[in-house]
Protein chains: 4
Amino acid sequence: MADQVEKKAPVRRRKEARPQELTTAALSLFVEKGFAATRLDEVAARAGVSKGTLYLYFDSKEALFLAVIREGIVPIIEEGRKLLVAHADDPVRMLREYLFGWWALFGDTELGGVPKLMTSEAQNFPEVAQYYVREVILPGKALMREVLDRGVAKGVFRQTDSELVTHILMAPLLHLALWRHSFAVCCQVPDMDPNAYLESFFDLVLKGLAATPEGGK
Amino acid sequence: MADQVEKKAPVRRRKEARPQELTTAALSLFVEKGFAATRLDEVAARAGVSKGTLYLYFDSKEALFLAVIREGIVPIIEEGRKLLVAHADDPVRMLREYLFGWWALFGDTELGGVPKLMTSEAQNFPEVAQYYVREVILPGKALMREVLDRGVAKGVFRQTDSELVTHILMAPLLHLALWRHSFAVCCQVPDMDPNAYLESFFDLVLKGLAATPEGGK
Amino acid sequence: MADQVEKKAPVRRRKEARPQELTTAALSLFVEKGFAATRLDEVAARAGVSKGTLYLYFDSKEALFLAVIREGIVPIIEEGRKLLVAHADDPVRMLREYLFGWWALFGDTELGGVPKLMTSEAQNFPEVAQYYVREVILPGKALMREVLDRGVAKGVFRQTDSELVTHILMAPLLHLALWRHSFAVCCQVPDMDPNAYLESFFDLVLKGLAATPEGGK
Amino acid sequence: MADQVEKKAPVRRRKEARPQELTTAALSLFVEKGFAATRLDEVAARAGVSKGTLYLYFDSKEALFLAVIREGIVPIIEEGRKLLVAHADDPVRMLREYLFGWWALFGDTELGGVPKLMTSEAQNFPEVAQYYVREVILPGKALMREVLDRGVAKGVFRQTDSELVTHILMAPLLHLALWRHSFAVCCQVPDMDPNAYLESFFDLVLKGLAATPEGGK
DNA sequence: CATGAATGAGGGTTCATTCAT
DNA sequence: GATGAATGAACCCTCATTCAT
């Protein structure tokens, strides 16, 4: 019986894993070539199945795209939040964790290509873009705003327009991810070490946000 | 005689202007939909010509893409440099001019979509990407580095890793341009005023880069 | 069980037969209209498939052309040789078999259009032409030369420049095939009976090649 | 005044010569590539005029084709006839003149590609083919038949089916011309000397047609 | 479930033909 | 007459989608 279980298990696991194998393959190809330039042949081949099999799991190429975004993104946010609350009393540490955590949990993984993909395709898939904004960008910014607000409350950060500043602070993170999936691949750019980049960024922001000693200049 | 000139002028002017009319149309469509998803029919229609006419000026869709990047980008850099040297003795002013000038001369024009386009297509067109890096990105970063170095020399900015910091400082500018051509179009995001964004960014960077009063903390 | 076999058979047979159905359709159209004037739509339609199906079996129109020549031609030569060796001791009979066999096995079949096709397209497809010369024309001439040489050895044919004479003797055969696929189709030429033509030709050649009674004139 | 005449003459001659310059250019390209694969751009370029100019002289590509055949072919026949009547009393000499004259006056000139062209395109242009058969092939064969008939009348040639034999005798001539414009161009075939070829052919035919010594058997 | 052969609409590209100059 | 820019129909080829097995 144990034998049977073991024999069946991988098969069942396989079947259940199929959609994710497909979205994973699709994600990397969409990121690399863009949605329109990716052929479903390639996606299927990379996932090790035939082209027809794709249609057992997804109604169309667009549905596959939606699934790629849907399944790939959602769980990250929650993990990030957990990471941050661990340092809720230390806004500087929270900021640092945000930046490095964003990179470690997201930018540096295979999901790191999603910002490039979504930026490229937002206009072609407005509903997906809206979904992404609602589920990823806004929560991510809200999380950053919490960090900032907490810092202000603690007297560590100075008062700023947190809406604008969160936007600004996301930019270098996104840039790091976009760069890796665009120019870094095809141009012999002097290797940019993400850690050093993030350290510099963290240093810059910290000083840029630092509360003035006595509220004066 | 004036009559004759006027009769001939429009035709000749058209013929000479054709390539630019076409690249302009192509640029906006490439930015909007991406290279692969743009049909040459549309490009031609937007330029007011037939599909065949495109091939009088460009050998292929890819050649059109190359021309879009080539002709659209180059002259900007030089203009920016001129703008900056006007304030060579005031690094803070130079930085401010860089940020706002970048937006006014580039990001806010029809060329502002190029970063999105090049980011999306860099992997599909490595030679074009290399050209873009060489002619646009590196000169742009070099210009920024000049600003930083001058600030350090004047004792206004503190010492930093200028390679990394230029990269970081470009990110919010690029983000502004990318955002406008991606999520801003399709999502009812609360309008982000570029000027306020740039002011916040400038403020943040200025404090982040400020030389410490007595060199020590 | 027989049922199952019968259900599967036609499908499998079809799939394996597809390439040949396509080359057969292509051959007749290439012969009729020439390579450039033949549309792949027509080829597909004549083979009873859709246009896209063609590309499951051939990479391009040119690859289809190559396949038409490759698969259509080669096996004939060997059959001809077998036919001739049956009469190795009778050069006159060999010559007769060559002429009539050439027509029956080649000229009068659907492959009979190949000489017209290759003659028309040789300059446009030099590699294919070289292949055809090497695999068809030269072996065919070599076979003819064997006939002549054997006739000379047996004292039945007089000595001639066999290189030139083989070339000359091939001409009326080729002409018969070319004529059928060109002027014969569109012009109300008084029907030329191939058999009578070949008889006349055989008669003419036999007398033209006959050894002089006492070796002298 | 003489000056003026000389100045105008070449211009006028030019204008009148235009159509022929165009048909000459078209002929060589049609022969080389076939009708469908020849672009009017090339024809115009080879004739040294612009593409539009072609349409001043010919209504369409097909009209150009018709003109190529029309103007290129007709006058030859009459010249050949004159050549033959000079030896009306010597059928053997007539036959020799026919073969070598055909080659010198036709096959070896720039018109020598016409048989290849007409053979290739006969089915695509039935009216042109009919015209060609009527004006060229049938007169050519009739001329040959005259030679044969005269030989029979003189007791030099034996009786044969002259319809079939003329057809057969034309084949090696046509083959020589077809070969030169097809395989000879692209394949390193051991050079075939037309004169030797024709000598062999003449020799072969002469013996093949020779009247039997005592009219027996 | 899985396959892969088949489809056919659609896009890039060519080129005969037109026409304003 | 001559030009060459412009056109648009038509062709080769691709690829998302379907479906019989």
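A quick note: this is a predicted structure, and the numbers were derived from the prediction, not measured. Side chains are part of it too, since the values below use all heavy atoms of this structure and drop only hydrogens, waters and symmetry mates. Within every chain, numbering begins at 1; the chains are lettered A, B, ... in the order of the sequence lines, protein sequences first and strands thereafter.
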Worksheet item: Given E/dA2, is OP1 or OP2 found less than 4.0 Å from the side-chain N or O atoms of A/S50?
Response: no
Item to complete: Among the candidates E/dT7, F/dT7, F/dC13, find the nucleotide nearest to the side-chain atoms of C/S60.
Response: F/dC13
Worksheet item: Do any side-chain nitrogens or oxygens of B/Y57 fall under 4.0 Å of OP1 or OP2 in F/dA5?
Response: no
Response to the item:
Any stem touching DNA chain E, meaning at least three consecutive Watson-Crick or G-U pairs under 3.5 Å, ordered by first number, would be E:2-21 with F:2-21
Discussion item. Taking only side-chain N and O atoms of D/Y55, does any of them lie within less than 4.0 angstrom of OP1 or OP2 on E/dT17?
Written reply: yes
Practice prompt. Can you see which heavy atom on B/V68 is nearest to which on B/A26, and at what distance?
Written response: CG2-CB, 3.8 Å
Worksheet item: Tell me, which of residues 27-43 of chain D have any heavy atom that sits under 4.0 Å from an atom in DNA chain E?
Response: D/T38, D/R39, D/L40
Discussion item. Among residues at least two apart in sequence or on other chains, which ones pass side-chain hydrogen bond (donor to acceptor under 3.5 Å, both in side chains) with D/S60?
Written reply: none
Item to complete: May I have all residue pairs that pass salt bridge (Lys or Arg N to Asp or Glu O under 4.0 Å) and include part of residues 45-62 of chain B, sequence neighbours excluded?
Response: B/E32-B/R46, B/D41-B/K51
Discussion item. List the residues meeting side-chain hydrogen bond (donor to acceptor under 3.5 Å, both in side chains) with B/T38, not counting sequence neighbours, and say none if there are none.
Written reply: none
Worksheet entry | Contact summary for B/F58 and B/P19, nearest pair of heavy atoms | CZ-O, 4.0 Å
Discussion item. What I want to check is whether an N or O donor and acceptor connect the side chain of B/K51 with the base of E/dG10 at under 3.5 Å.
Written reply: no
Determine all donor-acceptor pairs shorter than 3.5 Å in which one atom belongs to a side chain in residues 119-126 of chain C; sequence neighbours excluded.
| residue | atom | partner | partner atom | Å |
| --- | --- | --- | --- | --- |
| C/T119 | OG1 | C/P115 | O | 2.7 |
| C/S120 | OG | C/K116 | O | 2.9 |
| C/S120 | OG | D/S120 | OG | 2.5 |
| C/E121 | OE1 | C/N124 | ND2 | 3.0 |
| C/E121 | OE2 | C/F35 | N | 3.1 |
| C/Q123 | NE2 | D/H181 | O | 2.9 |
| C/N124 | ND2 | D/K33 | O | 3.0 |

Worksheet, complete the sentence: Of the candidates F/dA16, E/dT13, E/dT17, the side chain of D/K61 sits closest to E/dT17
Worksheet entry | C/V31 to C/V114 - nearest heavy-atom pair and separation | CG2-N, 4.3 Å
